[in-house]
Amino acid sequence: MGTASKSTKFYLALVFIILYTPILYLIFYSFNSAGNMNNFESFTWEHYAAVFSDTRLLMILINTVIVALLSALISTIIGVFGSIGIVYMRNKSIRNAVLSLNNVLIVSPDVVIGASFLILFTMIGVKLGFASVLISHIAFSIPIVVLMVLPKLQEMNSSLIDAAADLGATKREILTRVIIPFIKPGIFAGFFMALTYSLDDFAVTFFVTGNGFSTLSVEIYSMARAGITLTINALSGIIFIVTLLLVVGYYFISQRGKNPVGMGVRK
């Protein structure tokens, strides 16, 4: 068992090194005053200052955050009610079919989803821009929220709902005072996952964005095509740090959900 444990730890360490080395390499050279990624001359904040002094880039950052927050919020609301509807479906065949359709959206290539939305918006006459990006992000975020909330609903003991009903609680009170508090960790998990996916998404956004509206992922791609500059490194570093903070925030919230105040063991 000791050898297997060491092999597993070595494999995980190797995977993390492969994944994070390029990111750390980008961030390291974002502080290079030489302006290239060949020789590190001296430490500087000028590339980060260039990011925050670029008005257009700041507007794109604001666009990205607004789309991410709105899509995460709306998709979380829809996903929570969708999950509740799926769990309480009486017809098992229909429930399995809906779950399969939900999972298909998760595993489908982003290019296929983006192209499909582009064709749909073109057909119905929706102008490509903020609305098209927001709708697309909501659509691909809903299955993620459903996937996060469903396990918590399935863990829930149905006797809690029966007890609340026997005590005279209305359906609304059962939802707000029994179901929602119980699945709150799943709701937060779905929200943060949807927020992260929206912030990082490129493929779908690339298809549905239009002139005059862009997000950071699309802008970084456009800047990289024009030529690699350390401003891209700085921007990528900022996105990585923000995403990391979201993940850490979700971790602490989930831990608080597992260990609620007042649930400690009394001596």
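Start at 1 with the first residue, then count along the sequence. None of the values given here were measured: they were computed from a predicted structure. Values below: every heavy atom of this structure, side chains too, minus hydrogens, waters and symmetry copies.
To the nearest 0.5 Å, the span separating OG1 on T209 from CZ on F130 amounts to 11.5 Å. Rounding to the nearest 0.5 angstrom, the gap separating the OG1 atom in T64 from the CD1 atom in I60 is 7.5 Å. Of the inter-residue distances, the one linking L235 atom CG with E219 atom CD reads 8.0 Å to the nearest 0.5 angstrom.
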F202 vs Y221, ring pair (Phe, Tyr, Trp, His ring centres under 6.0 Å): CA-CA, chis, key distance, verdict | CA-CA 9 Å; F202 165 73; Y221 173 75; 4.9 Å; yes
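Annotation: salt bridge (charged side-chain N to carboxylate O under 4.0 Å, His left out) contacts of R172 (sequence neighbours excluded): none.
Side-chain atoms of L128 and L118, non-hydrogen and from C-beta on, do get closer than 4.5 Å to each other. With contacts defined as side-chain heavy-atom distances shorter than 4.5 Å, the pair S198/V67 qualifies. Annotation: side chain of N233 is not in contact with side chain of Y48 (no heavy-atom distance under 4.5 Å). V178 places none of its side-chain heavy atoms less than 4.5 Å from the side chain of E173. For the pair M123 and I119, the minimum side-chain heavy-atom distance is below 4.5 Å. Within the 4.5 Å cutoff, the side chain of S30 has no heavy atoms near those of the L230 side chain. Within the 4.5 Å cutoff, the side chain of I179 has heavy atoms near those of the M156 side chain.
No path of Ile, Leu, Val, Met, Phe, Trp and Tyr side chains, each step under 4.5 Å between heavy atoms, connects V98 with I106, placing them in separate hydrophobic clusters. Under a hydrophobic-cluster definition in which Ile, Leu, Val, Met, Phe, Trp and Tyr are linked whenever side-chain heavy atoms come within less than 4.5 Å, directly or via other members, I187 and V145 are assigned to the same cluster. Hydrophobic cluster membership differs between L105 and I138, with clusters built from Ile, Leu, Val, Met, Phe, Trp and Tyr side chains linked at under 4.5 angstrom. Put simply, I74 and I144 are part of the same group of oily side chains (I, L, V, M, F, W, Y) that touch within less than 4.5 Å, one to the next. Both I113 and V126 are members of a single hydrophobic cluster when ILVMFWY side chains are connected at heavy-atom separations under 4.5 Å.
Annotation for F206: atom CZ does not count as buried by contact number, only 12 or fewer foreign heavy atoms lying within 6.0 Å. Residue-environment remark: OH (Y88) exceeds the threshold of 12 foreign heavy atoms within 6.0 Å. Within a 6.0 Å radius of OH in Y20, other residues, nucleotides and ligands contribute 12 heavy atoms or fewer. By the neighbour-count criterion of 12 heavy atoms within 6.0 Å, atom OH of Y197 is sparsely surrounded, having that number or fewer from other residues, nucleotides or ligands. Residue-environment remark: CZ (F43) exceeds the threshold of 12 foreign heavy atoms within 6.0 Å.
For the 3.5 Å distance criterion, the side chains of H47 and S33 fail to qualify, holding no donor opposite an acceptor.
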